[in-house]
Amino acid sequence: MAGFADLSTGFQLDETVNQRWCVARRPDGNVRPDDFDLKSAPIPELRDGEVLLKTLYLSLAPVMRDYMSGQSFAGEAPLEIGDTLHGRGIAQVAKSRHPDWREGEVVQGQLGWQTFKVSAMTAAEKFRLMPANGLPASLGLGALGMTGLSAWAGLYNVGEPRKDEVVLVSGVVGGVGSLVVQMAAKVSGCEVIGIAGGSEKCAMAEHLGCSSTIDYKAGNLVSALSDSLPRGLDLYFDNVGGPTLDAAMDHLRRNARIVLCGSISEYTRDAPYRLPNYTRLRRADAQMRGFFVYNHLDDWDRAMAEMADWIRDGRLQPVEQITDGFEHMPAALAGLYTGQNMGKQLCRVRCEPLDWI
Ligand SMILES: NC(=O)c1ccc[n+]([C@@H]2O[C@H](COP(=O)([O-])OP(=O)(O)OC[C@H]3O[C@@H](n4cnc5c(N)ncnc54)[C@H](OP(=O)(O)O)[C@@H]3O)[C@@H](O)[C@H]2O)c1
C-alpha cells in the first residue's frame with residue numbers, strides 16, 4: 001500500500017534475533033507507516049518453565065488499531081509507545097523447558113507482532129495446542145480460531161437463526177462475515193443477503209452462499225436494501241455499524257434480531273456514529289444484542305468441532321488472504337480499514353513445518 005513500501009525495504013527475517021513491530025505513535029485516522037517501529041533484540045535464554053516459540057503466522061484484526069490507541073479488551077496490558085503490538089498467532093515450539101509443552105508442537109495464542117516469543121505459557125496468553133487434524137495450521141487464526149468462534153457465537157448464541165429466515169450480513173467477505181454467510185446459508189438453511197464493497201467481493205459472497213448481494217460502494221444502499229429485502233429481515237449480523245446499521249433497521253420484521261459484532265466503518269472516525277433510529281426496535285418487538293468473543297470461550301470445543309466437521313463435509317470453505325512476509329504487517333493492517341482483504345487476513349512469517357500435519 002502507498003507509503004508502506006519504505007517500511008519493508010531491505011527487511012530480512014533474521015533467525016538469530018527477535019524482530020518485532022512496536023507502536024511508534026498513536027494512530028490518527030487509518031494507521032500509517034510512521035505509527036510503527038521495527039526493532040530487533042537478542043532472543044533471551046530459556047529459564048525453567050519457559051518455551052521458545054517460533055512464529056509461523058500472525059493475525060491481522062480490526063481491533064489492532066484500538067490496541068495502538070492504548071485500549072485493551074481481553075485482559076491485555078494497554079500498549080504504551082514503544083511496546084510490541086498485541087496479536088494472536090500460530091507458532092511452533094522451537095525449544096522447551098516447560099513440563100507441559102514439547103518441542104515441535106504447534107500452538108495458537110497471544111504471540112504479539114514478533115518473530116519469536118519466550119513464554120511461560122500463562123493463562124493470560126491463552127495458548128492452545130493446535131490439533132494435527134490434517135487441516136492447515138493457518139486456519140487456527142481463521143475458521144478454527146477466534147475469528148471462527150466470533151462467527152459461531154455471534155450467529156448461534158446471539159442471533160439464533162431459524163430455517164428459511166432472511167439474514168442480512170455486512171462485511172460479508174471479511175474474516176467473520178465469510179464464515180457467517182456459509183453457516184447461515186448452508187448449515188442453518190437461511191436466505192442470506194450480503195453487503196460488500198465492490199463487484200468482485202459481491203461475486204465471492206454469492207459463491208459462498210448469498211442469494212443476492214448489495215455493493216454499498218456503488219451508492220444508494222438505502223434503495224438497494226429495499227429492493228433486496230421485500231419481506232424485511234429476521235436477522236442482521238452487523239460487522240460494520242454506522243449508516244449501514246441505520247439503514248438495516250428500517251427493514252426489521254417482527255421479532256427480528258440484530259447481532260452487534262463490530263463497527264469497522266467507525267473505527268477510524270474521531271467520534272462514534274450516533275444511531276438516529278433505534279426506536280425501530282420497538283415497533284418490531286426486535287432485539288439488538290452485542291457480544292464479545294472472549295465471553296464465549298466455554299463454547300470453544302463445541303464450536304471448533306462443528307466448524308472442523310463443516311470444513312470436512314464441504315459446507316464451510318474458509319477464505320484466507322495470506323500476506324507473505326513479516327515486513328508487510330503494517331500495510332496489511334492498514335488494508336483492513338479500506339477493505340483490501342477477502343476473508344481472514346493473516347501474515348505468513350515462516351512456512352508451516354512439513355512434518356507437523
Ligand atoms: N464482537 C467480537 O467479539 C468481535 C470479534 C471479532 C471481530 N469483531 C468485529 O467484527 C468485524 C469483522 O471482523 P473481521 O475480522 O471479519 O474483519 P475483516 O476481515 O477486516 O473484515 C471486515 C470487512 O469490513 C469491511 N469494511 C472495512 N471498512 C469498512 C467501512 N468503512 N464501511 C463498511 N465496511 C467496511 C471490509 O469489507 P468491504 O470491502 O466489503 O467493505 C472488510 O473486509 C469488525 O468490526 C471486528 O472489529 C468483533
Side-chain angles (χ1 to χ4, degrees), residues 29-31 58-67 69 71 73-75 87-88 141-143 145-155 157-159 168-183 193-206 208 210 213-219 221 224 236-248 258-269 272-273 288-297 299-300 303 318-323 332-347:
N30 198 351
V31 295
L58 289 171
S59 169
L60 280 308
V63 71
M64 288 170 174
R65 184 189 175 282
D66 292 336
Y67 292 148
S69 303
Q71 299 177 53
F73 300 92
R88 294 181 65 83
L141 295 181
M146 283 297 169
T147 302
L149 184 62
S150 303
W152 190 98
L155 187 63
N157 288 350
V158 184
L168 177 70
V169 185
S170 57
V172 72
V173 189
V176 175
S178 60
L179 297 170
V180 170
V181 55
Q182 297 182 75
M183 287 151 52
I193 290 125
I195 305 177
S199 54
E200 198 188 347
K201 286 194 175 182
C202 287
M204 172 58 102
E206 286 175 25
L208 295 176
C210 284
T213 49
I214 296 169
D215 173 4
Y216 74 93
K217 289 187 176 164
L221 175 71
Y236 173 42
F237 195 102
D238 181 25
N239 284 310
V240 308
T244 308
L245 171 58
D246 199 5
I258 298 177
V259 179
L260 296 180
C261 178
S263 50
I264 193 168
S265 73
E266 303 179 37
Y267 294 170
T268 55
R269 287 168 56 110
Y273 182 81
M288 178 153 77
R289 198 177 136 203
F291 76 98
F292 182 43
V293 63
Y294 285 97
N295 295 334
H296 295 259
L297 289 174
D299 287 321
W300 177 274
V319 185
E320 299 175 306
Q321 178 144 347
I322 302 182
T323 296
L333 180 61
L336 296 185
Y337 308 106
T338 53
Q340 303 296 308
N341 60 313
M342 279 224 225
K344 174 65 197 171
Q345 174 71 59
L346 51 144
C347 173

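This one's a predicted model, so the numbers in the text were calculated from it and none came from an experiment. Counting starts at 1 for both ligands and their atoms, in listed order.
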With side chains defined as the heavy atoms from C-beta onward, is the minimum distance between C210 and V172 less than 4.5 Å? yes
Need the ligand 1 atom indices (1-based, order shown) with element for anything under 4.0 Å from a heavy-atom of S265. 30 (C), 31 (N), 32 (N)
Answer yes or no: does an N/O atom from V176 fall short of 3.5 Å to an N/O atom of ligand 1? yes
Numbering as shown, the atoms of ligand 1 that approach L336 to under 4.0 Å (heavy-atom distance): 20 (O), 27 (C)
Can you find an N or O of P62 that's nearer than 3.5 Å to an N or O of ligand 1? no
Are any of the N or O atoms of T147 closer than 3.5 Å to those of ligand 1? no
Measure up the F291 and H296 rings against each other and bin them: parallel (under 30°), tilted (30 to 60°), perpendicular (over 60°). perpendicular
Ligand 1 N/O within reach of G171 N/O, cut-off under 3.5 Å: no
Full working for side chain to side chain donor-acceptor pair (under 3.5 Å) between S69 and Q71: CA-CA 6 Å; S69 303; Q71 299 177 53; 4.9 Å; no
Atom 36 (C) of ligand 1 sits nearest the protein heavy atom G339 CA, 3.7 Å
Can you find a pair of side-chain heavy atoms, one from C347 and one from L60, that are under 4.5 Å apart? yes
closest protein heavy atom to atom 25 (C) of ligand 1 is I264 CG2, 4.0 Å
Any sub-3.5 Å donor-acceptor pair from Y337's side-chain atoms to R65's backbone N or O? yes
Say whether V173 and ligand 1 are in contact under the criterion: heavy-atom distance to a ligand atom below 4.0 Å. no
When you measure from atom 12 (C) of ligand 1 to every protein heavy atom, which one gives the shortest distance, and what is it? N239 OD1, 3.5 Å
A student checking ligand 1 against G197 at a 4.0 Å heavy-atom cut-off should list atoms 38 (P), 39 (O), 40 (O)
Just distances here: any N/O of T338 and N/O of ligand 1 closer than 3.5 Å? no
Within ligand 1, which atoms have a heavy atom of V293 less than 4.0 Å away? 2 (C), 3 (O)
A side-chain contact here means heavy atoms from C-beta on lying under 4.5 Å apart; do T244 and S265 qualify? no
Counting only heavy atoms from other residues, nucleotides and ligands, does the tally under 6.0 Å from CD of E200 exceed 12? no
Could you tell me whether some N/O pair between Y267 and ligand 1 is separated by less than 3.5 angstrom? yes
May I ask whether K201 has any heavy atom positioned less than 4.0 angstrom from an atom of ligand 1? yes
Min over S263, S150, G142, S178 of heavy-atom distance to atom 6 (C) of ligand 1 lands on S150
When you compare the side chain of L297 with that of M146, does any pair of heavy atoms fall below 4.5 Å? yes
Measuring from the heavy atoms of Y294, does anything fall under 4.0 Å of ligand 1? no
Distance under 4.0 Å to a non-hydrogen atom of A196: what atoms of ligand 1 satisfy this? 40 (O)
E266 side chain to P272 main-chain N or O, any donor-acceptor pair under 3.5 Å? no
So is V240 touching ligand 1 or not, going by heavy atoms under 4.0 Å? yes
Below 4.5 Å, heavy atoms only, C-beta onward: do N157 and W152 meet side chain to side chain? yes
Nearest heavy atom to atom 1 (N) of ligand 1: which of Y216, F291, F237 does it belong to? F291
Take K344 and S59 through the test side chain to side chain donor-acceptor pair (under 3.5 Å) and record every step on the way to the result. CA-CA 8 Å; K344 174 65 197 171; S59 169; 2.9 Å; yes
Does ligand 1 come near enough to N341 that some N or O of the ligand is less than 3.5 Å from an N or O of the residue? yes
Determine yes or no for a side-chain-to-main-chain donor-acceptor pair under 3.5 angstrom, with N239 supplying the side chain and G262 the backbone. no
Any idea which atoms of ligand 1 are less than 4.0 Å away from a heavy-atom of F292? 3 (O)
For atom 28 (N) of ligand 1, which protein heavy atom lies nearest, and how many Å away is it? Y337 O, 3.6 Å
Could you check whether any side-chain heavy atom of D246 comes within less than 4.5 Å of a side-chain heavy atom of Y273, counting everything from C-beta outward? yes
Mark up the atoms of ligand 1 that fall under 4.0 Å of a heavy atom belonging to G174, in ascending order. 16 (O), 19 (O), 21 (O), 43 (O)
So CG of L346 and CD1 of I322: to nearest 0.5 Å the spacing works out to 4.5 Å
If we only count heavy atoms from C-beta on, is the Y236 to L245 side-chain gap below 4.5 Å? yes
Give yes or no for whether the N/O distance cutoff of 3.5 Å, strictly under, is met between G177 and ligand 1. no
Looking at non-hydrogen atoms alone, which of G343, C261, A153, A61 comes nearest to atom 10 (O) of ligand 1? C261
